[in-house]
Amino acid sequence: MKAPKVLFNYRQEKDIENIIIGLETVSRGRQPDKEITEIIKHCGPRPSKIDIQEYLKHRWEGKEKILNFITSQLQEYWNTIEEDYFYHLTDRMQLMSFYNINNLTGFLSTRYGCGYKIDAEWFAVSVHHSTLRNALIAMHEIMHIFFHKQWWQFCADKGVPAKNIWDIKEAVTVLLNLWFKDVLVDIDLGYNEHTELRHLIKEWFLENRNFEKTLLKTCDYMKLHPEKSPNWSS
C-alpha cells in the first residue's frame, strides 16, 4: 500500500472551519480555549464566517512570516517520521488499506483545539503548539480519520451508539504513546472523562497486541458505561 503524503499549510478558510468546529463544541457546553474566548469576546457567541474572517485579518496582519515559519518547520520534522508513522499505524491499527487517500493536509489554525474533516481529507494543527506537539496532534487526527474509515462501522455493528463510538475513537489514541514513544516528547492525554477507559485500552492492548481484540473489549465496556462521555460530545 502506498501511504498518503501529509502536507502542512495555512489557509484562512480552513482556519475558519476549525474555529467553527470549536465554537460548536462550546455551544454544547465545552469550556472555550483562550483563542475561542477572544473570538467570542470580539464577535459574539455565534459569529458569522465574515466576522471570523475579520478577526483573523487583524490577528495576523503583518505576521504572515510566522505562519510560514511554523508550517515549514513542522513539515521538515514530519518528513523525517512520515514513512515510519504510516508503516506502524497500518500494522498496529490493522488497516486493510488507506481508502484511496493519497494526500492529507494539516492546516494551521489560530485555535488551540484541532478538528478534522474526513471526506475533505484534512485536519488542523495549532499555531500555539510546538513542532513536536503538532506532530503528535497530526498523528492523533490522522488516526481519527482512519478509525472512521475502517473501525467506526465495526463498533456500530457491535451495538455501540454513535455518541459512544466517538468516545472510543478518542480514547484509543492512548495507543500512540505505546506505538510511537521513540519519536514523541509530549503525551497524548485525551479528555478527563476517558482517563479510566484509556488506561484499560492500554492494558488490553498490552495483553493481546491486537487492535481488533482491544476494540472488542472497548465496545463491551462502553455498552456497560455509556456515561463515560463528555456532555458536549457529538
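In this text the structure is predicted, and so the values were computed from the model without any measurement. Scope of the values below: all heavy atoms of this structure, side chains included, with no hydrogens, waters or symmetry mates.
Between Lys49 and Ile20, the closest side-chain pair of non-hydrogen atoms falls below 4.5 Å. Phe98 has its side chain out of reach of Lys149: every pair of non-hydrogen atoms, C-beta onward, lies at least 4.5 Å apart.
The pair Arg59-Glu35 counts as a salt bridge, with a side-chain nitrogen and a carboxylate oxygen less than 4.0 angstrom apart. Electrostatic pairing of Glu82 and Lys5 counts as a salt bridge here, judged by a charged N lying under 4.0 Å from a carboxylate O.
Between Tyr10 and Asn68, the side chains place no donor N or O within less than 3.5 Å of an acceptor N or O (distance only, hydrogens not considered). If you check the side chains of Thr131 and Gln73, you find a donor sitting under 3.5 Å from an acceptor. Between the side chains of Ser48 and Asp51, at least one donor N or O sits under 3.5 Å from an acceptor N or O. Side-chain contact of Asp15 with Asn18: a donor-acceptor pair under 3.5 Å is absent, judged by distance alone.
Between His148 and Trp152, the ring-plane angle classifies as parallel under the 30° and 60° cut-offs. Between Phe86 and Phe146, the angle of the ring planes goes over 60°, which puts this pair in the perpendicular group of the 30/60° scheme. Ring orientation note: the planes of Phe180 and Tyr85 are tilted relative to one another, at an angle of 30° to 60°.
With Thr173 as reference, Asp188 is the one residue of Ile201, Asp188, Leu136 to meet the side-chain contact (heavy atoms from CB on, under 4.5 Å) rule.
Cation-pi check for Lys158 over Phe154 is met; the charged atom lies under 6.0 angstrom from the ring centroid and within 45 degrees of its normal.
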